[in-house]
Amino acid sequence: MRIEERENRSRRVAAPAKVNLYLEVGPPRPDGYHDIDSLFLTVSLFDELELEATRDGEIVLEEDGISAGETNLVYRAAAALRRYATDSTIGARIRLRKRIPQGGGLGGGSSDAAATLVALSRLWEVDIDPGRLAALAAELGSDVPFFLHGGLAICRGRGEKVLPLADDTFADAPPSIVLVLPGIHTPTPVVYRALDAEGEHGDVLTRSSPLDSLTSADSQRRLTDGAVIFNRLESVTFRLFPELERIRQRMMAETFVRVWMTGSGSTLCGLAPSREAAEAASLRLAAELGDEVRVVVVEGLPRNLA
Ligand code: C5P
């Protein structure tokens with residue numbers, strides 16, 4: 001995330017979206033979650049947050065100009081962190097501008113929560129060690145710990161075990177990806193339940209992972225040739241939401257190296273051979289897919305820019 005400090009009492013943060021380049025999912029665990037083996041990448045589509053430290057003991061959150069409630073992940077992140085502050089009079093005024101669509105598999109809410117934890121821990125000068133902050137992030141959601149790092153990372157467990165890969169692997173030539181946002185909400189628990197019903201899980205615990213060979217020198221080539229791309233949740237989501245198939249078929253007619261779905265959907269991704277090819281494809285797709293579908297060109301973000 002990019003943090004811009006304004007005086008000592010306020011910060012502006014750009015919280016990036018993510019895509020899953022690889023997502024293998026194992027059977028359900030006793031706690032209902034699924035073990036995953038996944039490759040996450042932050043991309044250049046951002047929510048914007050403005051956070052200001054106050055002295056009235058209140059957390060006040062506005063989302064796109066409208067007062068947001070205590071169930072919002074940003075609010076919950078602020079409230080959870082405040083428990084670690086010694087000064088009980090501290091509060092925060094937070095303005096969130098959403099650019100990352102919700103329910104799209106792009107992790108916007110999780111990224112906002114991670115950005116809130118990092119920015120407020122500095123503004124409030126909370127003395128919390130990185131391990132405790134990561135645990136707090138994991139309590140908020142499986143994807144939140146990843147966004148404390150950003151960039152390219154292998155995520156395991158239910159997503160909370162994060163292994164960041166080298167920063168500089170694609171800094172000179174970040175992959176260009178066309179995101180197609182179909183305007184369909186594909187709820188994560190519904191998709192996981194359907195996978196369980198169909199019993200189409202992969203093996204994430206005993207089989208060796210294709211991500212293990214993703215050494216830093218190898219990463220860029222394997223990303224740009226799309227060899228690593230896979231999503232276990234894709235077929236089941238397509239069966240649940242058949243309208244996604246029409247969009248995929250249209251994307252397959254472009255020059256994309258690979259077309260795939262991120263997370264539990266509904267965003268479809270096209271890995272483009274170049275930025276120019278991505279721009280050209282996005283114009284054609286936007287013109288043909290209709291008003292309810294949004295098309296955005298993004299680039300992978302190395303960690304130092306995330
Ligand atoms: O952790 P988070 O609150 O983001 O997860 C939302 C839902 O997604 C969970 O309630 C669960 O149904 C599903 N999930 C899962 N396995 C994971 C991550 C999420 O089953 N590894």
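Please read these numbers as outputs of a predicted model, since none were measured by experiment. Counting starts at 1 for both ligands and their atoms, following the listed order. Values reported hereafter were calculated over all heavy atoms of this structure, with side chains retained and with hydrogens, waters and symmetry mates removed. Residue numbers count from 1 along this sequence.
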### Query
Can you tell which part of Y33 has a heavy atom less than 4.0 Å from ligand 1: side chain, backbone, both or neither?
both
### Message
Enumerate the ring pair (Phe, Tyr, Trp, His ring centres under 6.0 Å) contacts for residues 219-253, please, sequence neighbours excluded, ordered by first and then second residue.
### Response
Y22-F230
### Message
Tell me whether T188 has any N or O atom under 3.5 angstrom from an N or O of ligand 1.
### Response
no
### Summary
One finds that the ligand 1 atoms under 4.0 Å from a non-hydrogen atom of R158 are 1 (O), 17 (C), 18 (C), 21 (N)
### Task
Below 4.0 angstrom from a heavy atom of G141, which ligand 1 atoms are there? Numbered from 1 as shown, please.
1 (O)
### Task
Ignoring angles and geometry beyond distance, decide whether D143 reaches within less than 3.5 Å of ligand 1 through its nitrogen or oxygen atoms.
no
### Message
So if I apply the side-chain contact (heavy atoms from CB on, under 4.5 Å) rule between P16 and each of T42, L41, L45, which one comes out positive?
### Response
T42
## Note on the structure
In short, R248 meets L268 closest at the heavy-atom pair N-CD1, 3.8 Å
### Element-labelled atoms of ligand 1 that are located less than 4.0 Å from some non-hydrogen atom of H34
15 (C), 16 (N), 17 (C), 20 (O), 21 (N)
### Query
Nearest to atom 14 (N) of ligand 1, what protein heavy atom do you find, and at what distance?
Y192 CE1, 3.5 Å
### Task
Among all protein heavy atoms, pick out the one at the shortest distance from atom 1 (O) of ligand 1; state its residue, atom name and that distance to 0.1 Å.
S142 OG, 2.5 Å
### Task
Give a yes/no on ligand 1: does G32 have at least one heavy atom closer than 4.0 angstrom to it?
yes
